Number of protein chains: 2
Amino acid sequence: MGRSGDTRERIVRASARLLLSGSYGSVSVDDVCAAADVRKGSFYHFFPSKAELAKAVIDLHADALLERLAAASGDTAAKRLHGVADAVGGIQAGFEATYGRVVGCPFGNLAAELSTVDDTVRDHLASAFARWEHGFAAICHQAEHEGVLREGVDPDRLAHSLLAHTQGRILLAKVGGLSATDIAATLHDLIDVHLREGAA
Amino acid sequence: MGRSGDTRERIVRASARLLLSGSYGSVSVDDVCAAADVRKGSFYHFFPSKAELAKAVIDLHADALLERLAAASGDTAAKRLHGVADAVGGIQAGFEATYGRVVGCPFGNLAAELSTVDDTVRDHLASAFARWEHGFAAICHQAEHEGVLREGVDPDRLAHSLLAHTQGRILLAKVGGLSATDIAATLHDLIDVHLREGAA
DNA sequence: TCGGCAGTTGACCGATCGGTCAAGAGAGCC
DNA sequence: GGCTCTCTTGACCGATCGGTCAACTGCCGA
């Protein structure tokens with residue numbers, strides 16, 4: 001035809017869904033096509049390979065995440081940091097509501113499974129993580145300038161630490177069958193312990 | 001026989017190797033059999049399924065880890081905590097030396113990939129994580145009794161936090177192509193920020 | 001009006017997947 | 001010696017995997 005316009009998007013969104021409720025290995029191209037109501041030939045018109053689809057899904061999530069994180073600027077660093085924790089918790093709570101349990105971080109899941117398998121996907125994930133971490137780092141530097149960072153705390157290392165903690169905490173919730181509501185709480189703890197006493 | 005005796009062990013060790021350099025989905029039963037020099041029928045004599053093999057690999061790593069963590073008891077809590085950080089870093093450095101890069105945590109990798117796919121494997125991983133966390137918690141409680149914990153820090157939550165941080169930090173090193181040598185350093189940071197000033 | 005081209009379709013491919021099975025082979029026990 | 005039980009073998013299975021292809025369809029610009 002070809003008519004359409006939204007075929008590619010339907011594929012990406014359907015596979016984003018499937019990848020969250022399963023894994024890269026457990027989701028076949030046929031599964032994706034069925035979920036998106038698209039024939040396989042059409043799929044391969046838009047994506048040269050299954051791995052390329054994964055990258056598109058990564059981009060989808062990365063855009064959504066950065067948009068959400070950029071929302072709360074123009075506030076104090078402490079509030080922004082806690083806002084990030086709430087945002088992460090909110091996203092995970094949304095996933096939990098949709099899928100019935102904590103299904104992990106879209107980046108972290110693919111990173112754990114594919115980093116050692118496909119270098120191009122790993123690069124894609126690495127840059128998504130880097131952008132995420134830079135967003136954290138900007139807030140941490142703001143905190144340093146505001147003087148609310150505990151002495152000896154390096155803002156860049158704190159940003160890295162926050163990201164690591166986020167990933168690890170989500171993973172533990174996923175494997176342990178824990179609720180998403182506690183994820184934000186532990187992130188708040190981590191933030192507070194790095195701030196001076198009395199900094200909200 | 002049936003001669004042998006070490007066939008099962010060879011299978012488990014070979015697949016532990018393959019699972020670290022790849023993923024559960026990227027390693028086939030045929031791969032495992034070839035690496036262990038075992039025919040497929042023999043494999044299925046010892047393991048009813050591929051998933052059951054994964055559980056055996058989990059047990060292998062869990063035993064090795066707990067043995068390593070139990071080594072440094074009878075010291076101050078602060079030293080023991082830092083000892084745990086060094087142990088984790090040492091394990092990862094060993095993997096890095098063997099595989100040429102950081103390949104992730106054996107538990108974390110499988111947890112991310114299989115938690116949403118196979119509930120029995122997820123249970124297995126959850127109990128491995130729980131034992132690990134309990135080991136951490138024991139040291140954190142010791143730290144509390146020694147009075148070296150910063151005020152407001154809950155030992156159980158700290159143990160959970162340490163585990164989460166460990167997992168996240170290893171994942172970031174894996175996807176970012178970072179060196180394993182820095183993993184221990186960030187864990188030391190996290191421990192120090194939770195201890196009172198002056199506590200070694 | 002017509003040609004080209006993005007999009008679509010469904011049939012098809014070889015490879016590989018996890019798993020099965022009947023038959024054999026050797027150690028240990030009687 | 002012979003029985004049994006564990007282990008081993010290699011051939012085999014249907015299903016599914018990621019990916020290809022030639023043909024078709026309809027919009028759009030010339």
Side-chain angles (χ1 to χ4, degrees), chain A residues 1-19 21-58 109-110 113-122 124, chain B residues 1-19 21-58 109-110 113-122 124:
Chain A
M1 43 179 101
R3 65 153 251 276
S4 129
D6 72 329
T7 304
R8 197 194 123 102
E9 191 188 340
R10 253 169 36 230
I11 295 173
V12 175
R13 301 194 88 89
S15 63
R17 242 181 295 127
L18 292 175
L19 283 177
S21 53
S23 68
Y24 181 83
S26 77
V27 173
S28 70
V29 175
D30 285 318
D31 292 336
V32 170
C33 290
D37 191 30
V38 160
R39 258 45 57 196
K40 211 195 274 201
S42 241
F43 175 95
Y44 280 99
H45 173 73
F46 291 102
F47 300 97
S49 70
K50 187 187 176 187
E52 218 60 35
L53 168 68
K55 294 182 203 169
V57 172
I58 292 166
N109 292 347
L110 291 172
E113 183 172 359
L114 297 180
S115 285
T116 49
V117 174
D118 187 310
D119 269 341
T120 72
V121 174
R122 203 206 65 211
H124 222 76
Chain B
M1 140 162 10
R3 72 151 250 277
S4 132
D6 70 331
T7 303
R8 197 194 124 102
E9 191 188 340
R10 255 169 36 230
I11 294 173
V12 175
R13 301 195 88 87
S15 63
R17 244 181 291 126
L18 292 176
L19 283 178
S21 52
S23 69
Y24 181 83
S26 77
V27 173
S28 70
V29 175
D30 284 318
D31 292 337
V32 170
C33 289
D37 191 30
V38 160
R39 258 46 58 194
K40 210 195 276 202
S42 239
F43 175 95
Y44 281 99
H45 173 73
F46 290 102
F47 300 98
S49 71
K50 188 188 176 187
E52 218 58 37
L53 168 68
K55 294 181 203 170
V57 172
I58 292 166
N109 292 347
L110 291 172
E113 183 172 357
L114 298 181
S115 286
T116 50
V117 174
D118 187 309
D119 269 342
T120 70
V121 174
R122 202 208 64 209
H124 223 75

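The analysis underlying the following values was restricted to heavy atoms, covering all of them including side chains, and did not include hydrogens, waters or symmetry mates. Quick note on labels: first sequence line is chain A, next is B, and so on, each numbered from 1. Source: prediction; values computed, not measured.
For A:Glu9 and C:dG7, the CD to P distance is 14 Å, given to the nearest whole Å. Distance, A:Arg39 CZ to C:dT9 P: 5 Å, rounded to whole Å. Taking atom CZ on B:Arg10 and atom C1' on D:dT8, their separation rounds to 11 Å, with Å as the unit. Separating the NE2 atom of A:His45 from the C1' atom of C:dG10 is a distance of 17 Å, rounded to the nearest angstrom. A straight line from CG of B:Asp6 to P of D:dT6 spans 19 Å, rounded to a whole angstrom. Between the C1' atom of C:dG7 and the CD1 atom of A:Ile11 lies a distance of 11 Å, rounded to the nearest Å.
In this structure, B:Val57 and B:Ser15 approach most closely via the heavy-atom pair CG2-OG, 3.2 Å. The nearest pair of heavy atoms linking A:Leu18 to A:Ala35 is CD1-CB, 3.8 Å.
At least one side-chain heavy atom of B:Ile58 sits under 4.5 Å from a side-chain heavy atom of B:Val121. Residues B:Leu53 and B:Ile11 form a side-chain contact, since some pair of their non-hydrogen atoms from C-beta on lies under 4.5 Å apart. A 4.5 Å side-chain heavy-atom check between A:Arg122 and A:Leu114 finds every atom pair outside the cut-off. Residues B:Tyr24 and A:Glu113 have side chains not in contact (no heavy-atom distance under 4.5 Å, counting atoms from C-beta outward).
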- Task: Carefully, step by step, assess B:Phe47 and B:Arg8 under the rule side-chain contact (heavy atoms from CB on, under 4.5 Å).
- Result: CA-CA 9 Å; B:Phe47 300 98; B:Arg8 197 194 124 102; 3.5 Å; yes
- Query: Given B:Phe46 and B:Val12, is the side-chain contact (heavy atoms from CB on, under 4.5 Å) satisfied, shown in steps?
  - Reply: CA-CA 10 Å; B:Phe46 290 102; B:Val12 175; over 6 Å; no
Contacts under 3.5 Å, N or O only, protein and nucleotides 17-20 of chain C:
from: C:dC17; atom 1: OP1; to: B:Ser28; atom 2: OG; distance (Å): 3.3
from: C:dG18; atom 1: OP1; to: B:Lys50; atom 2: NZ; distance (Å): 2.7
from: C:dG18; atom 1: OP2; to: B:Val29; atom 2: N; distance (Å): 3.0
from: C:dG18; atom 1: N7; to: B:Lys40; atom 2: NZ; distance (Å): 3.1
from: C:dG19; atom 1: OP2; to: B:Tyr44; atom 2: OH; distance (Å): 2.9
from: C:dG19; atom 1: OP2; to: B:Lys50; atom 2: N; distance (Å): 2.9
from: C:dG19; atom 1: N7; to: B:Lys40; atom 2: NZ; distance (Å): 3.2
from: C:dG19; atom 1: O6; to: B:Lys40; atom 2: NZ; distance (Å): 2.9

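Computed from C1' positions of five pairs at each end, the angle between the two local axes of the helix from C:dT1-D:dA30 to C:dC30-D:dG1 equals 10°, rounded to 10 degrees.
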